[in-house]
Amino acid sequence: MDYHADLMRDEKKIHSESHKALSQACRLLPGGVNSPVRAFGGVDLDPLFIASAAGSKIRDLDGNEYIDYVGSWGPMILGHAHPAVIETIHRAVDKGTSFGAPTVAETELAERIVGAFASIEKVRLVSSGTEAVMSAVRLARAFTGRDMIVKMVGCYHGHSDSFLVAAGSGVAERGTASSPGVPPALAELTVVVPYNDIDAVRAAFANHPGRIAAVLAEPIAANMGVVPPVEGYLETLRTLCDENETLLIFDEVISGFRVALGGAQERYGISSDLTCLGKIIGGGLPLAAFGGRAEIMDRLAPQGEVYQAGTLSGNPIATAAANATLEILAQPGSYDKLEASAAALEAGFADAAAQAGVPVTLNRVGSIMSCFFCDHPVRSFADVQATDIARFKRFFAEMLQHGVYLAPSAYEAMFVSLAHTQGDIEQTLDAARASFSQLQ
Ligand SMILES: *Cc1c(COP(=O)(O)O)cnc(C)c1O
C-alpha cells in the first residue's frame with residue numbers, strides 16, 4: 001500500500017540513527033534485540049533505539065521525543081527516571097552492587113508485598129517474571145504431588161518450557177510445544193484452555209482427575225491486549241481448584257500493584273494460593289517474586305526440600321528501587337490518579353474513533369487499556385485474532401508519526417503512568433484523532 005511506503009520514507013528520514021544502530025546490532029544480536037517484541041515485527045517497521053527517558057517521555061537516538069505508553073512493558077508506573085527512585089538507586093550503588101548475602105532491605109520489601117496482598121504470607125524474591133512463574137509451578141507440583149498444570153490461551157507466563165505450549169487436538173487435552181526446543185514430554189503436562197471459558201477448565205479436571213497440580217492464569221489477561229475476566233470466571237476457577245485440591249496460581253506480573261496495590265485479587269476480591277509478581281515490583285530493575293501461604297512457601301529450600309536459588313536474587317540495587325517504587329505507589333491517591341488519566345484516555349479514544357467512523361472495542365482495567373479494531377466484544381484470544389491487525393499497524397505508524405509511542409503489537413496493552421499529565425493525554429488524543437481519521 002502507498003501509505004506504507006510514504007510512512008517508511010518518513011520513518012527513514014527521522015530515524016536514521018536508529019536504522020544505523022539496528023544494522024550494527026543485527027551483526028551481533030539475533031534480530032538486533034534481546035527480546036523479540038522489541039524488534040517491531042508486529043508492525044512491519046524497524047525498532048527505535050532509545051537514548052533516554054524521563055517522566056512520560058521517551059527519546060530515541062535521533063532526538064525524537066514520544067509520549068510513552070509502553071513503560072518498559074509495565075514496570076514504569078511512576079514514569080521514567082522518577083527522581084526519588086533514581087536517588088535511592090544512587091545511594092544503594094554507593095554501598096556495593098551485590099553481596100550474595102541477606103540484607104534488611106529484602107525483609108522490608110517482603111513486608112510491603114505481604115502488606116499489599118491478603119493471600120501472601122511469605123515471598124521469595126527472584127530476578128524475572130519467567131523465574132517467578134517457573135518456580136511457583138515447581139512448588140505447586142511438589143506441594144500437591146501432581147505433575148499437570150492448566151493454562152489459558154493468550155496468557156503469557158514467561159518463556160520457560162512448560163508455558164510455551166499450545167492447545168492439543170481435543171478440548172482440554174494435553175498440550176503441544178509452541179516453540180522448537182520444548183520437549184513434547186513436558187508440553188504434554190500442560191493443558192491449554194481458552195481464556196474466560198470455565199467449561200473448558202471443568203473439562204480439563206474431568207479429563208485428568210487427580211493429576212492437576214495447578215491452574216495458572218493472568219487474572220486480568222494483558223498479554224493479548226487487555227482482556228478482563230468475565231463475571232464469575234475467577235470465582236469459579238477458585239471453586240473448581242478447591243473442589244479438586246488443586247492450587248490456583250495468579251500470575252500478577254502485570255496486574256500486581258497495577259490495577260490496585262493488591263493487584264487483581266484486591267480488585268475482584270478473589271485469593272489465589274500462589275501469586276507471581278514482577279515488572280512493577282522491580283521499579284525498572286530486574287526483580288520479581290512469588291509468594292503465598294506459609295504452609296506452601298515453607299516447602300522451599302532451605303526451609304523445605306523444593307530447590308530454588310539465584311545468585312542475584314534480592315539484589316541490593318533492585319531491592320532499593322523496588323522499595324522506593326512501592327512506597328510512592330502506596331501513597332493515597334495514586335490509583336485514583338491512574339484511573340482518572342486512563343479513563344480520560346479511554347473516553348477520548350472512543351470519541352475520536354466514533355468521529356472517524358472507525359469501529360473499535362476498548363478494554364480497560366485501571367491503567368491498562370487496549371484499543372482493538374473490531375466491532376465485537378473481546379473476551380478471548382480468538383476474539384483478538386478476529387480483530388483488524390492491518391488497521392492496528394497503520395494506526396501504530398500514524399501515532400508514532402504524531403509523537404506517541406504505543407506498544408508495537410496488536411497483542412499488547414497500553415500502560416498509563418503517574419507521570420502522564422493532562423497535557424500528555426490531550427496531546428495523545430490530538431494524535432489519536434489525526435490517526436483514526438487516516439484509517440477510513
Ligand atoms: C512479562 C510477564 C512475564 C515474564 O516476565 P519476565 O520478567 O519478562 O520474565 C510473566 N507473566 C506475565 C503475566 C508477564 O506479563
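Just follow the structure's listing: the first ligand is 1, and inside any ligand the first atom is 1. Starting from 1, each residue takes its place in the sequence as its number.
Ranking the protein heavy atoms by distance from atom 11 (N) of ligand 1 puts D251 OD2, 2.6 Å first. In this structure, atom 12 (C) of ligand 1 lies nearest to the protein heavy atom Y156 O, 3.2 Å. With hydrogens left out, the protein atom closest to atom 4 (C) of ligand 1 is T130 N, 3.6 Å, a heavy atom.
Short contacts between ligand 1 and E218, defined as distances under 4.0 Å to a heavy atom of the residue, involve ligand atoms 13 (C). For ligand 1 and G129, the ligand atoms under 4.0 Å from any heavy atom of the residue are 4 (C), 5 (O), 6 (P), 7 (O), 9 (O). Residue S128 has at least one heavy-atom neighbour below 4.0 Å for each of these atoms of ligand 1: 7 (O), 9 (O). Proximity to I254 (heavy-atom distance under 4.0 Å) selects the following atoms of ligand 1: 15 (O).
Less than 6.0 angstrom separates the ring centroid of F257 from the ring centroid of F117.
Between N223 and ligand 1, at least one N/O pair is under 3.5 Å apart. The N/O atoms of V253, backbone and side chain alike, include none that comes under 3.5 Å of an N/O atom in ligand 1.
Between R258 and E252, none of the side-chain N atoms (NZ, or NE/NH1/NH2) sits under 4.0 Å from a carboxylate O, so this pair counts as no salt bridge. Using a 4.0 Å cut-off between charged side-chain N and carboxylate O, E339 and R267 make a salt bridge.
If you check the side chains of S18 and D60, you find no donor sitting under 3.5 Å from an acceptor. S255 and E218 share no side-chain donor-acceptor pair at under 3.5 Å. Defined by atom type and a distance below 3.5 Å, a donor-acceptor pair is missing between the side-chain atoms of T239 and D242.
With a 4.0 Å cut-off on non-hydrogen atoms, H157 touches ligand 1 through its backbone and not its side chain. Within the 4.0 Å heavy-atom criterion, the part of K279 lying near ligand 1 is the side chain and not the backbone.
Side-chain contact between I280 and L329 is present, with at least one heavy-atom pair separated by less than 4.5 Å.
Under the 4.0 angstrom criterion, atom 8 (O) of ligand 1 counts as lacking any protein heavy-atom contact.
When all heavy atoms are compared, the tightest approach of T130 to S160 is CG2-N, 3.9 Å.
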